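Structure first, commentary second.
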2 protein chains.
Amino acid sequence: MNISPLLNDFSRQYWPLEEKAVGALKERVIGKRVKKREYILQKGVMCNHFTFVVEGCFKMYKIDDKGKEHNLQFAIENSWIVDYGSFYSEKPSQLFIEALEHSEILQIARNDLFYLYDHFSVFDRNLRIIIEDAFIEQQQRVLQNISSTAEERYLDFLKRYPDLFNRISNVQIASYLGVTPEFLSAIRKKIALK
Amino acid sequence: MNISPLLNDFSRQYWPLEEKAVGALKERVIGKRVKKREYILQKGVMCNHFTFVVEGCFKMYKIDDKGKEHNLQFAIENSWIVDYGSFYSEKPSQLFIEALEHSEILQIARNDLFYLYDHFSVFDRNLRIIIEDAFIEQQQRVLQNISSTAEERYLDFLKRYPDLFNRISNVQIASYLGVTPEFLSAIRKKIALK
DNA sequence: TATTTTTCTTAAGATATCTTATGGGTAGAA
DNA sequence: TTCTACCCATAAGATATCTTAAGAAAAATA
């Protein structure tokens, strides 16, 4: 299995792995191709894998009682996506993870990750840092949700994820921001007129 | 330094420390008393410590350009509070952490924490799990912010933090939920009428 | 105890955002 | 190519939430 995108990410952003750790990881990583609109996680199913996106794009979302989707996270090249709650509690997920494009991923199953944690502390280290970064980013999102208007949140989204907004529809962005597509459209008009 | 509340928390919720790790931790933890309304972090200052609350209650918040406070987090007994962004980036914080009650805390400074990470991998492990839990909780909050009404968010807050809502003012809860105190008052009236 | 500050409530008018409906444009499927 | 589905925009009326102002109750401070 060619896991170099993942190793590169580790050495660029986090702590590089010694040879033995690389070997142990290699044996446990599964590569997959996922077509647009396919799911790698569905509600009611336990989330059994950490997923690293090599190529492509995913959304993780919830469907509420009225049938509306609410996007929690997007993941593109060189990012991780997993329902941490379901993965660690080993309970069925409330969330869906769906490919927005044809994608290539690398996955690690729960038991394999636990093996790696127990035998190479660099995985505790790196995954600690990975989730710390995700936490900080998510904290900014909470802060904006409780303190900013939808227009401010949209402008910040464009600034923060310049690669994403050409790539996904405004419907998806609206769902991420917590507004209706109609209202996002009104916001975009208002911005364009300035 | 008596750090047993912290050690108890580790062994109840996470992985217990071997003796050497306990010793190394003990030498590096600083205990403090903090009076109500005192700050343990202010905007413009780097966040240099992880803080474990032994007794009391804190809020972490931002003040926006209009001078309004927005509560990001509360911390009571046996919980951690830190501005991760400032702590790890070593940049000035945008946030305040202020005591809502007379409190007792245990603190670990950045270099000391790094020492512990490097010499005892159990700290990488435990702090990974601590922030994973915090991430999952915060993710639920994001989901609610983008998908629920203020009334639903308030009812969920009461259910999720039954110990907190007798202890802090509705002004603080409103700021956490992202609504004005006046509107929270209207929500409470509506609920009471049911 | 007396005084000051903070909290909670109420209400009226303003603004942000949603709902529903409609139509045109564009990309994918047959 | 034709058909279908989805996307984006627009608009009118409804609902959620904010702003401002005021007063009474409760808590903190002198």
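Being a predicted model, the structure only gives us computed values, none of them experimental.
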### Message
Categorize B:S169 for me: base, sugar-phosphate, or nothing, with a 4.0 angstrom heavy-atom threshold over every strand shown.
### Response
sugar-phosphate
### Query
When you measure from the side chain of A:S185, which nucleotide among D:dA16, D:dA9, D:dT19 comes out closest?
D:dA9
### Query
Under 4.0 Å: is that the gap between some side-chain N or O of A:T180 and OP1 or OP2 of C:dT17?
no
### Query
Which of the following nucleotides, C:dT10, C:dT19, C:dT17, is nearest to the side chain of B:K189?
C:dT10
#### Entry: B:R188 side-chain N/O to C:dT9 phosphate OP1/OP2 under 4.0 Å
yes
### Query
In whole angstroms, how far is the C1' atom of D:dA27 from the CZ atom of B:R167?
18 Å
### Task
May I have the distance from B:L193 (atom CG) to C:dT10 (atom P), rounded to whole angstrom?
9 Å
### Task
Run the salt-bridge test on B:D118 and A:R125 with the 4.0 Å N-O cut-off and return the result as yes or no.
yes
### Task
Indicate, with a heavy-atom threshold strictly under 4.0 Å, whether A:K36 touches base, sugar-phosphate, or nothing.
nothing
### Message
Just N and O in the side chain of B:K190: are any of them under 4.0 Å from OP1 or OP2 of D:dA16?
### Response
no
### Whole-Å gap separating C1' (D:dA9) and CG (A:L184)
11 Å
### Between C:dT15 (P) and B:F183 (CZ): distance, integer Å
18 Å
### Query
Aromatic rings B:F135 and A:F135: how do their planes relate, parallel, tilted or perpendicular, breaks at 30° and 60°?
tilted
### Message
I need the CG-P distance between B:N145 and C:dT17, as an integer number of Å.
### Response
13 Å
### Query
Starting at CZ of A:R37 and ending at P of D:dC6, how long is that distance when rounded to a whole Å?
6 Å
#### Entry: Distance below 4.0 Å between A:K68 side-chain N/O and C:dT19 OP1 or OP2
yes
### Query
Can you check whether B:N170 has a side-chain N or O nearer than 4.0 Å to OP1 or OP2 of C:dC8?
yes
### Query
In terms of ring plane angle, is the pair B:F87 and B:F114 parallel, tilted or perpendicular, where the classes change at 30° and 60°?
perpendicular
### Message
Please report the distance, rounded to the nearest Å, between CD1 in B:I173 and C1' in C:dC8.
### Response
12 Å
### Task
Name the nucleic acid region contacted by B:A186, choosing base, sugar-phosphate or nothing; use a 4.0 angstrom heavy-atom cut-off, strictly under.
nothing
### Parallel, tilted or perpendicular: rings of B:Y84 and B:Y88 (30°, 60°)
parallel
### Summary
Of the candidates C:dT17, D:dC18, C:dT19, the side chain of A:R153 sits closest to C:dT17
#### Entry: Integer-rounded Å distance: C:dA16 P and B:I146 CD1
22 Å
### Message
Looking only at the aromatic ring of each residue, does the gap between the centers of A:F157 and A:F165 stay below 6.0 angstrom?
### Response
no
### Task
Between D:dT17, C:dT7, C:dA16, spot the one nearest the side chain of B:V171, thanks.
C:dT7
### Task
Select one nucleotide: of D:dC8, C:dT19, D:dA16, the one nearest the side-chain heavy atoms of A:E182.
C:dT19
#### Entry: B:R141 NZ/CZ over B:Y176 ring centroid, <6.0 Å and within 45° of normal
yes
